[in-house]
J.: 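One structure is given below, represented as structure tokens, and several questions about it will come after.
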Amino acid sequence: MVEVPEHLLQRSRDRRKDLGATTGDEPAAEVPPSETAAAPAVAQTQAPAAAAEPSLPELPDLEPDPEPEPQPEPVKPWIQAALTRKKIPVWAVPVLIFLPFWAIIFAGTLESPERDTEIIALGREVYEGSGGCAGCHGAEGGGGVGPALIGGEVMDTFGDWRDHVIWIVNGSPAQPGTLYGDNNKESLGAANGMPAFGEDLSAREILAVTYFERVELGGAAEVDLHDLEELFEAEGVLPNQFDIGQTFPGTLNGLMASAGIGAG
Ligand code: HEC
């Protein structure tokens, strides 16, 4: 048995202890000097491994690392409430989708068909325009130099819309005191009465202002003016102007017949 110096043994024990090997004295005692001499070399080669070993548990750390990222900063409760709150309640969605359709349907019940709007718009334009009717009959048809048209008065005078048209085209009869209208009113005569509009207004304008005065001022039912409305709409039937002095019931009836409009 070779005598191993005690300090070498101790160094070997220390190395083994470092490497996590058993620190029993007995193997150290049996280690030959050659091995003991190699011990430092082994320690050298294993040292990096030993050094790397502690880093191994760090590897799994790489995965949990990204996790803390999504962890949001503590959000204020009121902000959280604002973010998660539903802006539009579920029940309101079909209501909102249907709303435009409902608006169209509702508007349809308020407004008469489009052609009525057109005829009334043109009629109002004529009535309120310069040199129109409002200057003598009042902006609202309440009367002035000319008689009032509101309150059903114009309907009492001209029960038939065709007589109304004839009146506007021809104006007051020449002679004062001539009776006119269904209620036999005494005319002021051409000099002081109503001017003839046959030359100033187109046939369409006269139909439109007749419609306007009867519906908007006279309170007539639009349905009773269906023929007038159709004649106004008829394409290529109306003359540009109604000639003053014509016998209009006949002329208007002829126009309606050629437009295929039923007698009214
Ligand atoms: C310069 C004034 C004046 C203007 C402008 C005038 N009127 Fe008249 N209008 C009269 C007078 C006056 C009478 C009454 C007729 C008479 O006594 O002969 C009358 C009567 C009428 C009547 C009969 C009403 C009734 O019950 O007696 C109608 C309808 C009418 N006018 C429509 C119109 C229309 C439509 C216009 C525009 C295109 C118009 N007038 C423009 C003065 C006017």
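Ligands are counted one by one from 1 in listed order, and the atoms in each one are counted from 1 as well.
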J.: When you measure from atom 11 (C) of ligand 1 to each heavy atom in C133, G181, G146, which option holds the nearest one?
T.: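 Nearest option to atom 11 (C) of ligand 1, by heavy atoms: G146.
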J.: If two hydrophobic side chains count as joined below 4.5 Å and joins carry through other members, does L188 share a cluster with I168?
T.: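 No, it is not one cluster - the side chains of L188 and I168 are not joined through contacts under 4.5 Å.
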J.: Show the atoms of ligand 1 that are less than 4.0 angstrom away from any heavy atom in I168.
T.: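 In order of numbering, the contacting atoms are 35 (C).
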J.: For atom 29 (C) of ligand 1, which protein heavy atom lies nearest, and how many Å away is it?
T.: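 Answer, as residue, atom name and distance: H164 NE2, 3.5 Å.
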J.: Of G193, G218, S172, which has the heavy atom at the shortest distance from atom 15 (C) of ligand 1?
T.: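 Ranked by closest heavy atom to atom 15 (C) of ligand 1, first place is S172.
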J.: Are there more than 12 heavy atoms of other residues, nucleotides or ligands under 6.0 Å from atom CG of N240?
T.: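 No.
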J.: Does G132, backbone or side chain, put an N or O under 3.5 Å from an N or O of ligand 1?
T.: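 No; every N/O pair is 3.5 Å or more apart.
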J.: Tell me if a side-chain donor or acceptor on E205 pairs with a main-chain N or O of S202 at a distance below 3.5 Å.
T.: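 Judged by distance alone, yes, a pair lies under 3.5 Å.
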J.: Can you figure out which of W167, F158, F212, F197 has its heavy atom closest to atom 22 (C) of ligand 1?
T.: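 Going through W167, F158, F212, F197 one by one, W167 has the nearest heavy atom to atom 22 (C) of ligand 1.
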J.: Tell me which one of G189, P147, G144, G123 gets a heavy atom nearest to atom 14 (C) of ligand 1.
T.: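 Looking at heavy atoms only, P147 sits closest to atom 14 (C) of ligand 1.
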J.: Around E186, counting heavy atoms of other residues, nucleotides and ligands shown, do more than 12 lie under 6.0 Å from its CD?
T.: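 Result for CD/E186: open.
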J.: Quick one: sort the W167 and Y180 rings into parallel, tilted or perpendicular, breaks at 30° and 60°.
T.: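 Because their plane-to-plane angle is under 30°, the rings of W167 and Y180 count as parallel.
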J.: For E213 and ligand 1, does the shortest N/O to N/O distance drop below 3.5 Å?
T.: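 Between E213 and ligand 1, no N or O pair is found under 3.5 Å apart.
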J.: Report, in ascending order of atom number, the atoms of ligand 1 lying under 4.0 Å from any heavy atom of V154.
T.: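 Answer for ligand 1: 29 (C).
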J.: Would you check whether Y180 has a nitrogen or oxygen atom less than 3.5 angstrom from a nitrogen or oxygen atom of ligand 1?
T.: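 Yes, there is a polar N/O contact under 3.5 Å.
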J.: Do L217 and Y127 make a side-chain contact, defined as non-hydrogen atoms from C-beta onward lying under 4.5 Å apart?
T.: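 Counting from C-beta outward, L217 and Y127 do come under 4.5 Å.
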J.: Side chain or backbone of L188 under 4.0 Å from ligand 1, or both, or neither, by non-hydrogen atoms?
T.: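 Looking at L188 and ligand 1, atoms from backbone and side chain both fall under 4.0 Å.
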J.: Apply side-chain contact (heavy atoms from CB on, under 4.5 Å) to L255 and F242, showing your working.
T.: CA-CA 11 Å; L255 291 173; F242 292 123; 3.8 Å; yes
J.: Of the protein's non-hydrogen atoms, which lies at the shortest distance from atom 26 (O) of ligand 1, and what is that distance?
T.: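 I find the closest protein heavy atom is T157 OG1, 2.7 Å.
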J.: Quick check on E128: does its CD atom have over 12 non-hydrogen neighbours (other residues, nucleotides or ligands) under 6.0 Å away?
T.: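 Yes, because the 6.0 Å sphere around CD of E128 holds more than 12 heavy atoms from other groups.
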J.: So which of D243, I206, T251 actually passes side-chain contact (heavy atoms from CB on, under 4.5 Å) with V169?
T.: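 So, applying the side-chain contact (heavy atoms from CB on, under 4.5 Å) to V169 and each of D243, I206, T251, only I206 qualifies.
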J.: Would you call R124-E213 a salt bridge at under 4.0 Å N-O?
T.: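 Result for this pair is no, no salt bridge flagged.
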J.: Examine ligand 1 and decide if any of its atoms is less than 4.0 Å from a heavy atom belonging to G135.
T.: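 Outside the 4.0 Å threshold, so no.
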J.: Does ligand 1 have any atom that is closer than 4.0 Å to a heavy atom of L149?
T.: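 Flag set, L149 near ligand 1.
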J.: Would you check the N or O atoms of H137, main chain and side chain alike, for any that come under 3.5 Å of an N or O of ligand 1?
T.: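 Yes, H137 has an N/O under 3.5 Å of an N/O on ligand 1.
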J.: Salt-bridge test for R13 and E6: reply yes if a basic N is under 4.0 Å from a carboxylate O, no otherwise.
T.: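 E6 and R13: salt-bridged.
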J.: Identify the closest protein heavy atom to atom 1 (C) of ligand 1: which residue and atom is it, and at what distance?
T.: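 Result for atom 1 (C) of ligand 1: C136 SG, 2.7 Å.
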J.: Measure the distances from the heavy atoms of Y127 to every atom of ligand 1 and state whether one is below 4.0 angstrom.
T.: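 The answer is no: ligand 1 sits nowhere under 4.0 Å from a heavy atom of Y127.
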J.: Could you tell me, atom by atom, which parts of ligand 1 come under 4.0 Å of a heavy atom of K185?
T.: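 With K185 as reference, the close atoms of ligand 1 come out as 25 (C), 26 (O), 27 (O).
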J.: Among T210, N253, D227, find the residue that satisfies the side chain to side chain donor-acceptor pair (under 3.5 Å) test when tested with R162.
T.: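 Exactly one candidate clears the test, N253.
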J.: Return the residue, atom name and 0.1 Å-rounded distance of the protein heavy atom closest to atom 39 (C) of ligand 1.
T.: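 The answer is M194 CE, 3.2 Å.
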J.: Can you name the atoms of ligand 1, numbered from 1 with element, that are less than 4.0 Å from a heavy atom of V145?
T.: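 Going through ligand 1 atom by atom, the ones under 4.0 Å from V145 are 12 (C).
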